[in-house]
Number of protein chains: 2
Amino acid sequence: MLPDLDPLLHSQLRLQIITILVGVQSADFNHIMESTGATRGNISVQLKKLSDAGYITITKSFGKSYPVTNCEISNKGRLAFEKYVEALSKYINLNK
Amino acid sequence: MLPDLDPLLHSQLRLQIITILVGVQSADFNHIMESTGATRGNISVQLKKLSDAGYITITKSFGKSYPVTNCEISNKGRLAFEKYVEALSKYINLNK
DNA sequence: TAAACTAGTTTATATTATAAACTTAATTAC
DNA sequence: GTAATTAAGTTTATAATATAAACTAGTTTA
C-alpha cells in the first residue's frame, strides 16, 4: 500500500513555500509573495500553519521603516520534506 | 515561478488511484479499495471525478452475480499524469 | 493633513476530502 | 420461503482546506 503524504506539505502553496525555503538560508514575506504569486492573506495563513507545525521559524523585525517577516526552514521541516519526497517517489516510481 | 499542479491529481486518493491504473491495463472497484484502503464512498466519488474529467473510463458490467465496476486510464489521463509528474519534479528533486 | 502605500492579519466563503447513511440486489441461515 | 447477512455501489452530510476579501496599523507622499 502506498504511504501517506504529509497533508501539511501536500498543498501547492505550502509546497512552493517549503521548496523556496529549502533552497535558501532565509526568505522574507515579500520574496515568497513574488516567487509564488499568491496573495498576502493566503501566504500569511500558510506560513502560520507551517510555523505552528514547527516546519519553519518566523522572525519578525523592523527594516528601515516597515515590518519584515523572515522565514527559515527548521530541521523538523527539512526532515518532513525529505520524508514527503520519499513517499511521493513511491507513487511516481511505480510507473517508470 | 513554479508551475501549477493539476488539482485533480494533486489529491492523495486520486493520485493513488491513477498510480494503480497507470501500472495495469485495468482494475476493478474492489481491487482499488483493497490497494488504497479507502472507503467505498470515497472511492466512488473520486472515480466519478476522474471519469468526469476524462482521465479514466469506467465500464460497469455483471460478474457471476454482483455488479463489477472496471476502470481504465485514458490517454488524456496518462498525459495529465505525465504532466503532473513533470510539474512536481520542478518542486522536488526526484533523483535523490 | 488627507490620500495612498506597505506589510501583514483576521474573517468569510467556496471547494474538497472523507465517512456515514442509504439503495439495490444476491446469498445464506433458519 | 422469508428473515438476516453480505456485496457493490451511490448519495448526502460533515469536517477540513484553500483562498480571497475585508480589515488593521503604521508610513510615506502630495
Side-chain angles (χ1 to χ4, degrees), chain A residues 1-20 26-53 55-72 80 84 87 91, chain B residues 1-20 26-53 55-72 80 84 87 91:
Chain A
M1 206 181 316
L2 291 163
D4 277 344
L5 299 171
D6 184 342
L8 236 109
L9 295 181
H10 197 61
S11 127
Q12 178 165 333
L13 182 49
R14 286 197 299 271
L15 191 59
Q16 281 185 79
I17 292 171
I18 288 289
T19 297
I20 290 164
S26 79
D28 66 23
F29 199 105
N30 279 334
H31 178 256
I32 291 172
M33 234 188 84
E34 277 163 29
S35 46
T36 61
T39 60
R40 284 174 196 287
N42 197 0
I43 290 170
S44 176
V45 170
Q46 307 311 332
L47 285 182
K48 192 171 184 326
K49 279 184 190 172
L50 289 170
S51 170
D52 285 350
Y55 285 10
I56 66 172
T57 54
I58 296 179
T59 322
K60 284 163 203 239
S61 61
F62 241 78
K64 274 243 155 101
S65 45
Y66 293 115
V68 174
T69 295
N70 227 269
C71 307
E72 200 174 333
Y84 172 76
Y91 287 64
Chain B
M1 209 185 307
L2 291 164
D4 277 343
L5 299 172
D6 184 342
L8 236 108
L9 295 181
H10 197 62
S11 129
Q12 179 166 330
L13 182 49
R14 284 197 300 272
L15 191 60
Q16 282 187 77
I17 292 171
I18 288 289
T19 297
I20 290 164
S26 82
D28 65 23
F29 199 103
N30 279 334
H31 179 256
I32 291 172
M33 233 189 85
E34 276 163 30
S35 47
T36 60
T39 60
R40 285 171 197 287
N42 197 1
I43 290 172
S44 175
V45 171
Q46 306 312 332
L47 285 182
K48 191 172 185 324
K49 279 186 191 171
L50 289 170
S51 169
D52 285 350
Y55 285 10
I56 66 173
T57 53
I58 295 179
T59 323
K60 282 161 204 242
S61 60
F62 240 78
K64 272 244 159 100
S65 43
Y66 293 115
V68 173
T69 296
N70 227 269
C71 307
E72 200 173 334
Y84 173 76
Y91 287 64

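So you know, we letter chains A, B, ... as the sequences are listed, proteins then strands, and number each from 1.
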Side chain to side chain, [X] and [Y], heavy atoms closer than 4.5 Å:
X: A/F29; Y: A/R40; value: yes
X: B/C71; Y: B/I32; value: yes
X: B/Y84; Y: B/I18; value: no
X: A/I17; Y: A/T19; value: no

Protein N or O to nucleotides 8-12 of chain C N or O, pairs below 3.5 Å:
unit_1: C/dG8; atom_1: OP1; unit_2: A/P67; atom_2: O; d: 3.2
unit_1: C/dG8; atom_1: OP1; unit_2: A/V68; atom_2: N; d: 3.4
unit_1: C/dG8; atom_1: OP1; unit_2: A/T69; atom_2: N; d: 2.6
unit_1: C/dG8; atom_1: OP1; unit_2: A/T69; atom_2: OG1; d: 2.6
unit_1: C/dG8; atom_1: O5'; unit_2: A/T69; atom_2: OG1; d: 3.0
unit_1: C/dT9; atom_1: OP1; unit_2: A/K60; atom_2: NZ; d: 2.3
unit_1: C/dT9; atom_1: OP2; unit_2: A/S44; atom_2: OG; d: 2.6

Q.
Could you check whether any side-chain N or O of B/Q12 sits under 3.5 Å from a backbone N or O of A/L5, counting only pairs where one atom can act as donor and the other as acceptor?
A.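 Yes, because the side chain of B/Q12 sits within donor-acceptor range (under 3.5 Å) of the backbone of A/L5.
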Q: Decide whether A/N70 and A/S26 meet the rule of one side-chain donor and one side-chain acceptor closer than 3.5 Å.
A: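 The criterion, which ignores hydrogens and geometry beyond distance, is satisfied for A/S26 and A/N70.
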Q.
Looking only at the side chains, is there a donor atom on one of A/N30 and A/E34 sitting less than 3.5 Å from an acceptor on the other?
A.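 Absent: no donor and acceptor within the cut-off.
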Q.
B/K49 and side chain to side chain contact (heavy atoms under 4.5 Å, CB included): which single residue from B/L47, B/V45, B/D52 fits?
A.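 Only match with B/K49 under side chain to side chain contact (heavy atoms under 4.5 Å, CB included): B/V45.
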Q: List the atom of A/V68, the atom of A/G63, and the distance in Å for their closest heavy-atom pair.
A: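 Where A/V68 meets A/G63 most closely, the heavy atoms are CG2-N, 3.8 Å.
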Q. Taking all non-hydrogen atoms of both residues, which atom of B/A27 and which atom of B/H31 are closest, and how far apart?
A.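 Where B/A27 meets B/H31 most closely, the heavy atoms are CB-ND1, 3.7 Å.
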Q | Chi angles and distances behind the side-chain contact (heavy atoms from CB on, under 4.5 Å) call for A/L9, A/R14 | A | CA-CA 6 Å; A/L9 295 181; A/R14 286 197 299 271; 5.5 Å; no
Q. Using a heavy-atom distance cut-off of less than 4.0 Å, which residues of residues 5-15 of chain B contact DNA chain C?
A.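 Listed by number, they are B/S11, B/L13, B/R14.
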Q: Give me the bend of the helix from C/dT1-D/dA30 to C/dC30-D/dG1, using the axes of the five pairs at each end, rounded to 10°.
A: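 Nearest ten degrees gives 20° for this helix.
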Integer-rounded Å distance: [N] [atom2] and [X] [atom1]:
X: A/E34; N: C/dA7; atom1: CD; atom2: C1'; value: 13 Å
X: A/Y66; N: C/dT6; atom1: OH; atom2: C1'; value: 5 Å
X: B/M33; N: C/dA19; atom1: CE; atom2: C1'; value: 13 Å
X: B/D52; N: C/dT16; atom1: CG; atom2: P; value: 13 Å

Q: Give a yes/no answer on whether the side chain of A/K49 brings an N or O atom under 4.0 Å of OP1 or OP2 in D/dA18.
A: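 Result: yes.
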Q. OP1 or OP2 of D/dA20 less than 4.0 angstrom from a side-chain nitrogen or oxygen of A/T39, does that happen here?
A.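 A/T39 to D/dA20 OP1/OP2: side-chain N or O found under 4.0 Å.
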